[in-house]
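Some notes on the structure that comes next.
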Amino acid sequence: MVSSGVNFGLDLAEEIAELKRERNAVILAHNYQVPELQDIADYVGDSLGLSYQAAKTGAEVILFCGVHFMAETAKIINPSKRVLLPDLDAGCSLSESCPAEKLKAYLDQHADKNYYVIAYINCSAGVKALSDIICTSGNAEKIVRSASANRNILFVPDQNLGAWVIERTGRPMDLWQGNCYVHVEFTARSIGKIREEFPDAPVVAHPECPYAVRLLADEVCSTEKMVSFCRESPANAIIVVTEAGMLHRLHKEIPGKRFIPGPTERCACAECRFMKMNTLEKAHSALLNMEPEITLPEPLRKRAEAPILRMLELSK
Ligand code: 13P
Ligand code: SF4
């Protein structure tokens, strides 16, 4: 029987584990989630890994500890499953920077370009439905390389990730002018300063960082690839330029090394207020009450599904 919500001596994490069994649920968590949520998850990873996990799960319920576009992506590819997000207001500045109506108007205005639209997964279902293919930071290079040479590419919504892929592939693309409010807080000065303090520590940075910061990095990659970079690096200390939640997983999986959070001009580390909206209490409440739940009109879901499936097929 499903627990009443009264705590009979069980702690919250144990109650969640029990509810998870009763609901036949799987818990997926992004690398930026608070440590307590990472610790109760069945899988912790980047957007690409989470999409694959969502695609292959046999569970009836997905409790998605991440932001809205991530849970929405899980729902798009799992229409018959119930997808819960601990806090429905956990949004994303990148997703907000590209409303579907604005993209539609832009595409109509530039119909002569016959754009092949590549959308970074950090966008709404409406934007996905207008796109030809989706990518994540983990496969963006591969997805762009796979595009026909005869097509004009419009890359939405992250100008920094888009610019990084242009640098890597040499493929020209028109870039939507969106960005992640967390990663643009890192500056060449803030990262230069920490480099001076730890001259032997390599710098690993997320591609959502601005060009001047990426220039200072020894490696630029998705959050999942940061784990393998840090594991394989011979260095004992590494400067990690991304959202600070990443450090929990690094400390847990690579216990012998020191991980230094990349500072911004204002703070010793950077936190995404959207990612931090999810808490253990909200996760418990979501599984107990089976809400907040992600729902989508079927025609929109279907249109948004095709470019995601194309991505999953291509980046296997
Ligand atoms: P990753 O897919 O690299 O984890 O990035 C997701 C994200 O939101 C970065 O800000
Ligand atoms: Fe969006 Fe940036 Fe937060 Fe990632 S860190 S969810 S891109 S606002």
Side-chain angles (χ1 to χ4, degrees), residues 28-33 37 43-55 62-79 81-104 117-140 143 155-162 176 178-183 206-208 222-224 242-243 245 272-278 282 286 292-297 300-312 315:
L28 306 181
H30 186 263
N31 288 319
Y32 297 163
Q33 290 294 284
L37 287 174
Y43 177 85
V44 182
D46 69 352
S47 307
L48 184 61
L50 289 165
S51 302
Y52 277 113
Q53 291 297 320
I62 299 173
L63 174 64
F64 208 115
C65 300
V67 289
H68 191 277
F69 76 81
M70 295 178 172
E72 193 174 62
T73 303
K75 179 66 184 178
I76 292 168
I77 55 179
N78 284 292
K81 296 191 199 308
R82 299 187 70 175
V83 178
L84 310 172
L85 179 63
D87 190 322
L88 217 47
D89 290 330
C92 167
S93 71
L94 257 175
S95 182
E96 277 167 26
S97 71
C98 185
E101 318 77 63
K102 264 201 175 167
L103 175 59
K104 173 82 175 68
V117 181
I118 303 183
Y120 185 31
I121 198 162
N122 298 38
C123 63
S124 66
V127 167
K128 289 185 174 80
L130 292 169
S131 304
D132 293 289
I133 194 160
I134 306 304
C135 73
T136 72
S137 56
N139 63 16
I143 298 292
F155 188 92
V156 302
D158 189 8
Q159 56 183 315
N160 288 308
L161 176 70
W176 192 268
N179 58 50
C180 161
Y181 93 98
V182 178
H183 287 87
H206 197 274
E208 287 171 15
S222 74
T223 59
E224 191 59 41
T242 194
E243 209 272 354
C272 172
R273 67 172 181 275
F274 302 111
M275 285 280 181
K276 273 23 189 193
M277 282 181 177
N278 296 326
K282 289 180 192 172
E293 183 175 359
I294 305 285
T295 55
L296 279 162
L300 173 64
R301 187 205 66 77
K302 253 205 123 34
R303 277 186 282 126
E305 185 180 31
I308 301 173
L309 296 182
R310 231 166 267 144
M311 168 190 82
L312 293 176
S315 67

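In this structure, the separation between SG on C123 and CG on L103 is 9.0 Å, given to the nearest 0.5 Å. Atom CG in L312 sits 10.0 Å away from atom CD1 in I134 (nearest 0.5 Å).
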Name every donor-acceptor pair, under 3.5 Å, that has one atom in a side chain of residues 303-311 and the other anywhere in the protein, sequence neighbours excluded.
unit_1, atom_1, unit_2, atom_2, d
E305, OE1, R301, NH1, 3.2
R310, NH1, D132, O, 2.3

Please output the side-chain donor-acceptor pairs of residues 62-73 that fall under 3.5 Å, not counting sequence neighbours, one pair per line with the distance.
unit_1, atom_1, unit_2, atom_2, d
E72, OE1, A125, N, 2.8
T73, OG1, F69, O, 2.6
T73, OG1, K128, NZ, 3.4

All N/O donor-acceptor pairs, side-chain side in residues 89-98, below 3.5 Å, sequence neighbours left out:
unit_1, atom_1, unit_2, atom_2, d
S93, OG, N179, O, 3.3
S93, OG, Y181, N, 2.9
S95, OG, S124, N, 3.4
S97, OG, L94, O, 2.6

Go through the steps for V182 and Y32 under the test side-chain contact (heavy atoms from CB on, under 4.5 Å), then give the verdict.
CA-CA 12 Å; V182 178; Y32 297 163; over 6 Å; no

Audit row: V117, L130, side-chain contact (heavy atoms from CB on, under 4.5 Å) steps and yes/no
CA-CA 8 Å; V117 181; L130 292 169; 6.0 Å; no

Kindly determine whether L296 and K75 satisfy side-chain contact (heavy atoms from CB on, under 4.5 Å), including the steps that lead there.
CA-CA 8 Å; L296 279 162; K75 179 66 184 178; 4.2 Å; yes

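Closest of all the heavy-atom pairs between P157 and Y120 is CD-CB, 3.7 Å. For the pair A54 and N78, the tightest heavy-atom approach, listed with the atom from each and the gap, is O-ND2, 2.7 Å. When every heavy atom of A100 is checked against every heavy atom of G126, the shortest pair comes out as CB-C, 3.7 Å.
At least one side-chain heavy atom of L88 sits less than 4.5 Å from a side-chain heavy atom of L85. At a threshold of 4.5 Å between non-hydrogen side-chain atoms, the residues F155 and L161 count as touching.
For the pair D158 (side chain) and E208 (backbone), a donor-acceptor distance under 3.5 Å is absent.
Partners of K104 according to the side-chain hydrogen bond (donor to acceptor under 3.5 Å, both in side chains) rule, which considers only residues two or more places apart in sequence or in another chain, are D108. Every residue meeting the side-chain hydrogen bond (donor to acceptor under 3.5 Å, both in side chains) condition with K282, not counting sequence neighbours, appears here in chain and number order: D87. Every residue two or more places apart in sequence or in another chain that forms a side-chain hydrogen bond (donor to acceptor under 3.5 Å, both in side chains) with T223 is listed here: N31. Qualifying side-chain hydrogen bond (donor to acceptor under 3.5 Å, both in side chains) partners for K302, counting only residues two or more places apart in sequence or in other chains: none. Shown here are the salt bridge (charged side-chain N to carboxylate O under 4.0 Å, His left out) partners of E243, two or more places apart in sequence or in another chain: K276.
The list of side chain to side chain donor-acceptor pair (under 3.5 Å) pairs with a residue in residues 44-55, not counting sequence neighbours, reads D46-S222, Y52-S315.
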